[in-house]
**Student:** 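A single structure is presented below for examination.
Whatever order the structure lists them in is the order used to number ligands and atoms, beginning at 1. In this text the structure is predicted, and so the values were computed from the model without any measurement. This chain uses plain numbering: 1 for the first residue, then up along the sequence. Basis for what follows: all heavy atoms, side chains included, without hydrogens, waters or symmetry-related copies.
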Amino acid sequence: MLNCCHRLRPGRRAIQVLISFLLMSLFAERLVAQRPLPHSVARPSEVSVSHLHLDLRVDFEKRTLSGSAKLKLQRSDGAYQLWLDTQGLAISKVTDVDGQKLPWELSRPDIQLGQGLSIQLKAATNEVVIYYSTRPGAAALQWLTPEQTTEKRHPFLFTQSQAILARTWVPCQDTPAVRMTYSANIKVPSELLAVMSAANPQKRNDSGEYSFQMNQPIPSYLLALAVGDLVFEPLGQRSGVYAEPSVLKKAAWELADTERMIDAAEKLYGPYRWDRYDVIFLPSSFPFGGMENPRLTFATPTILAGDRSLVALIAHELAHSWSGNLVTNATWNDFWLNEGFTVYFEQRIMEAVYGRKYSEMLAKLSLDGLKAEIQELDARDTWLKLDLAGRNPDDGMTSIAYDKGYFFLRMLEETVGRKQWDAFLKNYFDQNAFKSMTTESFLDYVDMHLQPDADLRAWVYGPGLPDNVPVVKTQELTRAGKAALKFKDGTPADQIASAFETAAWTTHHWNHFLRTLGQGLSLDQMQELDSQFKFTASGNAEITKDWLMLVIDSGYEAGYGRLREFLTEQGRRKFLQPLYVRLAETDGGLKRARDIYRNARPGYHSVSAQTIDEILGVEASQGL
Ligand code: BES
Ligand code: ZN
């Protein structure tokens, strides 16, 4: 073939080339369509799940959910097999809607991905019912004893499905490329209330039976359930807060600006499409700051600082109602499409509600954190477009997706101007609503509708931070940084306090101050800082974390009691991880860390425990 080509006359040759080009592109298209998804066995182009109905009983004694999942299917011609993701589910049978058994099989388990469940469909099968129960160790679920709750009277259960843990409690196509509506009947002990990422009850009922409906199609990672001694308080017309009784008042006070945030968000990028926006405060072992479960953000109580200084987290989870929940990353390699857009949108909400001076402080902390983390990461992991095939998608949860993503979008804003950029983004959310988006389809969309004069590919397919990274201007934090350097140069702490008017500082000033102090403080300096600013006694988790880093670096013994306490009383991975890493690096610190961890681990969610197991070299199964 190759040999004869050059002998063809030019006209015929052109036709030949054209034909082979067409054939090749057709073939390439098929390859793309059939390429396996990076973290799922689902084959949605053959059969996809369009609706899920859960019927589950929550058993706190056995620590199981048991019942059934009914899946409505969309089948393409000639497709007779449904592939679902599962991990550790005990499946008893699979039937069609008439109760006729369907043959099924589980594939060999993969530590990361679990087991594929393949179900043989009959010609007319468009619904399957899977009868199953979860196992006590299911990674998405945290079963808390009464002692592990704030109230200490009732047990508590919550789920965390992102990134690929939905499969540990629901057999599903566990990929963000597939969306489904869902409904659920959940039976719980009658003293407890159940809530989901769906239309929710606001009051407990005596039957313990709750029904849920989510009429907008969502990806599996947004499936969520919490069960506990929960009460509700409205914040405004369409928002409210759930918490254990003794947390409720504090929580409602802290979130007083929620309606203003929703209004600001809508003004920026179009209507809120999920009807209500509620927040639930979980017990302190919740492994994240927040999780954007639709209609019901799951939040850590560690943002209840008593001064509303940590509510950017609410702006962030609210922003996901557009970036992520409406327009969704198609794979976890495109995670920046969820998180980078959300940090960008979060900052815009914060700017609208609290002013540019405030939001620029957040941007500065984000930039400093990003630069530090780029130093630590492998170059390939600093591209916006990640390559997480064969790895835990959690590895993508670095400041690259969040903060490099943010600065990339801010660079685009500054290149084309805010007016054009905002119009573009509003359309982007509108036109791609309820769809999944890859990095490539986003870049195509930019090519079509924005055409900025900037090198996008250097950000997306290249390492580190390109030269055109936006400049952050914050006199506020510049001054806080100066204060830190002055102290290091010998100015006494009380003079720092008066000269820099630290009494008026926000959490963000303190974060920047403590981070600028950095390593190398003497014990005397630590002592002086502590007696002037009372860091060890701080009730603000963000400040506590930064202070404890210095405690470890300097070996400041008076802070170690607080360190042990902090690592035990809350399970937020973002706080645990750096502290354990730093502790394990110091002389004799690894032993100390393992000692603290031995007591604390039973209180952690599996997501945090897995990370800390790796840091401290602990085999999950062997314990400590
Ligand atoms: N969706 C994330 C949490 C997440 C990401 C869970 C990946 C599992 C896998 C959530 O929106 C988030 O980003 N939370 C941040 C808070 C935010 C203010 C940066 C967190 O938990 O720290
Ligand atoms: Zn997020």
**Student:** Run the numbers on Arg179 and Thr328 for side-chain hydrogen bond (donor to acceptor under 3.5 Å, both in side chains), then give the verdict.
**Tutor:** CA-CA 10 Å; Arg179 312 178 85 88; Thr328 307; 2.8 Å; yes
**Student:** Other residues, nucleotides and ligands only: do more than 12 of their heavy atoms fall within 6.0 Å of CD on Gln610?
**Tutor:**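 Count not over threshold, so no.
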**Student:** Looking at Phe566, I'd like to know if the NZ or CZ of Arg562 sits under 6.0 Å from its six-membered ring centre while staying within 45 degrees of the ring's axis.
**Tutor:** no
**Student:** Look at Glu339 and state whether any of its N, O or S atoms is less than 2.8 Å from the Zn ion (ligand 2).
**Tutor:**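 Yes.
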**Student:** Taking the six-membered ring for Trp, are Trp336 and Phe442 ring centroids under 6.0 Å apart?
**Tutor:**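 Under 6.0 Å, so yes.
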**Student:** Between the side chains of Arg418 and Glu351, is the shortest nitrogen-to-carboxylate-oxygen separation below 4.0 Å, so that they form an ion pair?
**Tutor:** yes
**Student:** Mind jotting down which residue pairs meet the ring-ring contact (aromatic ring centres under 6.0 Å, His included) criterion with at least one end in residues 345-379? Sequence neighbours excluded, please.
**Tutor:**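 Qualifying pairs: Tyr269-Phe345, Trp322-Phe345, Tyr354-Tyr358, Tyr358-His508.
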**Student:** Does ligand 1 have any N/O atom under 3.5 Å from a protein N/O, and what are those pairs and their distances?
**Tutor:**
{"from": "ligand 1", "atom 1": "1 (N)", "to": "Gln162", "atom 2": "OE1", "distance (Å)": "2.7"}
{"from": "ligand 1", "atom 1": "1 (N)", "to": "Glu292", "atom 2": "OE1", "distance (Å)": "2.6"}
{"from": "ligand 1", "atom 1": "1 (N)", "to": "Glu292", "atom 2": "OE2", "distance (Å)": "3.1"}
{"from": "ligand 1", "atom 1": "1 (N)", "to": "Glu339", "atom 2": "OE2", "distance (Å)": "3.1"}
{"from": "ligand 1", "atom 1": "11 (O)", "to": "Glu292", "atom 2": "OE1", "distance (Å)": "3.0"}
{"from": "ligand 1", "atom 1": "11 (O)", "to": "His316", "atom 2": "NE2", "distance (Å)": "3.3"}
{"from": "ligand 1", "atom 1": "11 (O)", "to": "Glu317", "atom 2": "OE1", "distance (Å)": "2.8"}
{"from": "ligand 1", "atom 1": "11 (O)", "to": "Glu317", "atom 2": "OE2", "distance (Å)": "3.2"}
{"from": "ligand 1", "atom 1": "11 (O)", "to": "His320", "atom 2": "NE2", "distance (Å)": "2.9"}
{"from": "ligand 1", "atom 1": "13 (O)", "to": "His316", "atom 2": "NE2", "distance (Å)": "3.1"}
{"from": "ligand 1", "atom 1": "13 (O)", "to": "Glu339", "atom 2": "OE1", "distance (Å)": "3.3"}
{"from": "ligand 1", "atom 1": "13 (O)", "to": "Tyr402", "atom 2": "OH", "distance (Å)": "2.6"}
{"from": "ligand 1", "atom 1": "14 (N)", "to": "Gly290", "atom 2": "O", "distance (Å)": "3.3"}
{"from": "ligand 1", "atom 1": "14 (N)", "to": "Glu317", "atom 2": "OE2", "distance (Å)": "3.3"}
{"from": "ligand 1", "atom 1": "21 (O)", "to": "Gly289", "atom 2": "N", "distance (Å)": "2.5"}
{"from": "ligand 1", "atom 1": "21 (O)", "to": "Gly290", "atom 2": "N", "distance (Å)": "3.3"}

